[in-house]
Amino acid sequence: MKAFDLIKHNQQIAVLCNNHLVDLDQEISDDQQCKPIDFNHPLGKDVYWHTSAHILAHAVLNLFPGTKLGVGPAVEEGFYYDFIPPQPFTPEDLENIEQEMKKIIEENIEIHRFEKTTRETIDLLNEQQQELKIELIENFQEPFSFYQQGNFCDLCRGPHLRSTGKVKAVKILSVAAAYWKGDEKNKSMQRIYGVSFPSPKELKSHLHMLEEAKKRDHRKLGKKLDIFGIYEEAGPGLIYWHKGGTVIRKEIENLWISEHRQRGYNFVTTPHIAKADLWKISGHLDYYKENMYLLEDGQYVLKPMNCPEHILIFKNEQKSYKDLPYKMAELGTVYRKERSGVLHGMLRVRGFTQDDAHIFCTYPQLQNEIIEVLELGLGWIKRFGYEKFQLDLSLRDPGQQEKYAGTEEDWLKAEQALASAMDEMNLEYRRMEGEAVFYGPKIDFQLQDAIGRTWQGTTCQVDFNLPRRFDLKYTGADGQDHYVIMIHRAIMGSVERFVGGLIEHYSGNFPFWLAPEQLRIIPITDNQHNFAEQLKNKLIDQEVRCTIDKRSEKVGYKIRDAETSRVPLMAIIGEREVESESVSLRVHQQGDQGTVNAETLVGMCKEKIEEGRKPL
RNA sequence: GCCGGUGUAGCUCAGCUGGUAGAGCAGCGCAUUCGUAAUGCGCAGGUAGGCGGUUCGAAUCCGCCCAUCGGCUCCA
């Protein structure tokens, strides 16, 4: 029988045999484990979106004959197709393309697969004048498969849906440039992104979700909640922390400092500039120069990293094995000359503060140090409400060992220490072959936020390179000198990026201990202003960040203002409350909570603050 | 850096094919003293991102620059 025969109803769109997608026309035998899947299966989405990409290309060729096709895969949130059109697409073109796609879907054209030899493939692609596709087949072996739908035919591995009508709801999302084969030396193409679903309802809810995500954008909320600003006249990529952001930042820094103090880190403070000589030794001047700001005709460098400066302090005194592990921490502000097109709010900037630390240790100490870093990282992300995360262990590319610093033994020991640290903690992780930086293997946390986006969290990297460049040695119990092992680690990465991520994760609704304004007192009339002042003083005595809204507006107005400003607590005070020395408590997004005694309120606030600030 | 889009009042945005700038919110003033998401009236606010060009005339058309958005590439 054919795979297609397994499909029993409309929702099923593809067939898996031995966990691989097969073409629906393929003959299958009984000994294969075959089952039909629907859109909700990740591979089902793949097929669905891949066919949608073909429909997109079909539509583009119908409207813009002569367009060259690149590649058009399914991606995590939909699909794209790369084109070289006769003219760049305009926004109106995109609308027309979407309409044309809908037409192709309505026609419900059957999709067929056929195979060709190399010779035939080249002939066919030449006939279609799709030269880029000919470049593509160089990496594959014959026979080559094609998928045909009406007058459109595309070189493609497949599989695909049975017909274009299976796609029920489609939306073009954006157009952007992309380089052919992802290499900026190659020609630039126009990439159209889209998404599709088996029902208009699902499409609508997906688009709604995208809208909601936009509302969380830290750039938008950052402005609205007075968290940060970037000033054109002062330069792009440079963050000005406003009063709200500075409150958040200081709370986070305080927690960070106390956690590191408890773990025996030594705090240091280092200058923002250093002579080029230092960066020559570290190697940055050779391989990182295009990202560095040079001063005084290149004699000085605005630091892009803290490590060389920390190393100087470490080296200042001769170290013995008794001094190790030696842990050095700094909230160190660095500057990197990022390309203009990559800047993005607080997430990608030119000046940022790394929550940096360097651990100098011996091989036997390595694993425990890694465990301590991972534990700190886990506690940290939990405190900030991240529930899901993924650990990645980046390893060498076994194919090209020559590009790495350090000896074979170094790598084995370090990779072993990183892996067994995670094993000991019963943490699951992905092994990422070839993802390691040249100086050593590392572990990264990938955090997932409240709406499923991922953020880079804690990172823990072993470095074999700098200890050798700076000749970092300690005297062992054997009286001999040995190279120290250096760990670079950051719990947040950078304060800017972490806070930018937090804004979106919390959607601006910060937990009480972080909220820039924690409580707003709302007197109903001027008669309550005295009592409001007394209450405010009591709250401020307990370090509660609170204000009084004395404007001559109605309560409804003041409440609305406090709600849209995302103030966690509102204390409404009228005549009744003054008499009973209480407040009418309202919780942000939850509404009226009834009457609470004023003293109780102060205690509650104090407790909530302590809860947020308590050790991890 | 590259491709495309955008840049009008503090914010969000209108302004047809060139005829000399407008709304809501915020702000300020006055009135109002009010019970859980917007009280009314009034006032003020703009070198239209910058520079140059076309034109009798430019927010509008053209060029360059800057910033920004979506991506590519790179990254904390």
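In what follows, chains carry the letters A, B, and so on, assigned in the order in which the sequence lines appear, proteins first and then strands, with residues in each chain numbered from 1.
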Ring-ring centroid check A/His206 A/Phe197, cutoff 6.0 Å: yes

Spacing of the P atoms in B/rG45 and B/rC56 (rounded, Å): 34 Å

Test side chain to side chain donor-acceptor pair (under 3.5 Å) applied to A/Glu98 - qualifying residues, sequence neighbours left out: A/Lys102

Distance, rounded to the nearest Å, where A/His488 contributes NE2 and B/rC75 contributes P: 16 Å

Test item: A/Leu376 and A/Arg489 side chains (from C-beta on) under 4.5 Å apart, heavy atoms: yes

Sugar-phosphate only, base, or nothing, as touched by A/Val334 at under 4.0 Å among non-hydrogen atoms: nothing

A/Asp217 CG - B/rG70 C1' separation (whole Å): 12 Å

Span that lies between the P atom of B/rG49 and that of B/rU8, in whole angstrom: 6 Å

A/Phe438-A/Tyr404 aromatic ring centre distance below 6.0 Å: no

C1' gap between B/rG4 and B/rC28, integer Å: 43 Å

Spacing between A/Tyr80 atom OH and B/rG71 atom P, to the nearest angstrom: 13 Å

Please list, for nucleotides 1-8 of chain B, all pairs of protein and nucleotide N/O atoms separated by less than 3.5 Å.
unit_1: B/rG1; atom_1: OP2; unit_2: A/Ser340; atom_2: N; d: 3.4
unit_1: B/rG1; atom_1: OP2; unit_2: A/Ser340; atom_2: OG; d: 2.7
unit_1: B/rG1; atom_1: N7; unit_2: A/Gly341; atom_2: N; d: 3.1
unit_1: B/rG1; atom_1: N2; unit_2: A/Tyr179; atom_2: OH; d: 2.5
unit_1: B/rG1; atom_1: N3; unit_2: A/Arg339; atom_2: NH2; d: 3.4
unit_1: B/rC2; atom_1: O2; unit_2: A/Tyr179; atom_2: OH; d: 3.1
unit_1: B/rC3; atom_1: O2'; unit_2: A/Gln190; atom_2: NE2; d: 2.9
unit_1: B/rC3; atom_1: O2; unit_2: A/Ala177; atom_2: N; d: 3.3

Paired and unpaired positions of RNA chain B as dot-bracket, Watson-Crick or G-U wobble under 3.5 Å, | denoting a partner strand: (((((((..((((.....[..)))).(((((.......))))).....(((((..]....))))))))))))....

Where protein sits on nucleotides 29-35 of chain B, one letter per nucleotide: B base, S sugar-phosphate only, - none, heavy atoms under 4.0 Å: --BBBBB

Proximal nucleotide (of B/rC72, B/rA76, B/rA38) relative to the A/Tyr557 side chain: B/rA38

Spacing between A/Lys337 atom NZ and B/rU73 atom P, to the nearest angstrom: 23 Å

Rounded distance in Å - CH2 (A/Trp455) to P (B/rA76): 16 Å

Pair A/Gln461, A/His488: side-chain N/O donor-acceptor within cut-off below 3.5 Å: no

Rounded C1' spacing from B/rG7 to B/rU12 in Å: 14 Å

Distance flag, aromatic centroids of A/Phe384 and A/Phe498, threshold under 6.0 Å: yes

A/Tyr265 six-ring centre to A/Lys327 NZ/CZ under 6.0 Å and within 45° of normal: yes

Side chain to side chain, A/Pro304 and A/Lys337, heavy atoms closer than 4.5 Å: no

Set of residues satisfying side-chain contact (heavy atoms from CB on, under 4.5 Å) with respect to A/Gln354, sequence neighbours excluded: A/Asn306, A/Val334, A/Arg336, A/Phe352, A/Asp356

Earlier contact from the 5' end, RNA chain B, for A/Gly591 and A/Tyr288: A/Gly591

Spacing of the P atoms in B/rU60 and B/rG15 (rounded, Å): 15 Å

Full working for side chain to side chain donor-acceptor pair (under 3.5 Å) between A/Trp455 and A/Asp449: CA-CA 7 Å; A/Trp455 304 84; A/Asp449 74 6; 2.9 Å; yes

Stepwise ring-ring contact (aromatic ring centres under 6.0 Å, His included) test for A/Phe79 and A/Tyr193: CA-CA 6 Å; A/Phe79 58 89; A/Tyr193 282 89; 9.0 Å; no

Side chain A/Ser507, main chain A/Asn509, donor-acceptor under 3.5 Å: no

Integer angstrom distance from the C1' of B/rC25 to that of B/rA14: 15 Å

Closest-nucleotide 5' rank along RNA chain B - winner of A/Leu343 and A/Arg336: A/Leu343

Spacing between A/Met492 atom CE and B/rC75 atom C1', to the nearest angstrom: 18 Å

N or O in side chain of A/Tyr231 less than 4.0 angstrom from B/rC66 OP1/OP2: no

P atoms of B/rA21 and B/rA38, separation to the nearest Å: 36 Å

Whole-Å P distance, B/rG18 and B/rA58: 13 Å

Interatomic distance, A/Trp180 CH2 vs B/rG71 C1' [rounded to whole Å]: 18 Å

Value in whole Å for how far the P atom of B/rG71 lies from CD1 of A/Ile172: 16 Å

Sequence neighbours excluded - salt bridge (charged side-chain N to carboxylate O under 4.0 Å, His left out) pairs with any residue from residues 224-243 of chain A: A/Asp226-A/Lys243

Contact under 4.0 Å: A/Tyr335 side-chain N or O vs B/rA76 OP1/OP2: no

Below 4.0 Å: OP1/OP2 of B/rG70 and any side-chain N or O of A/His344: yes

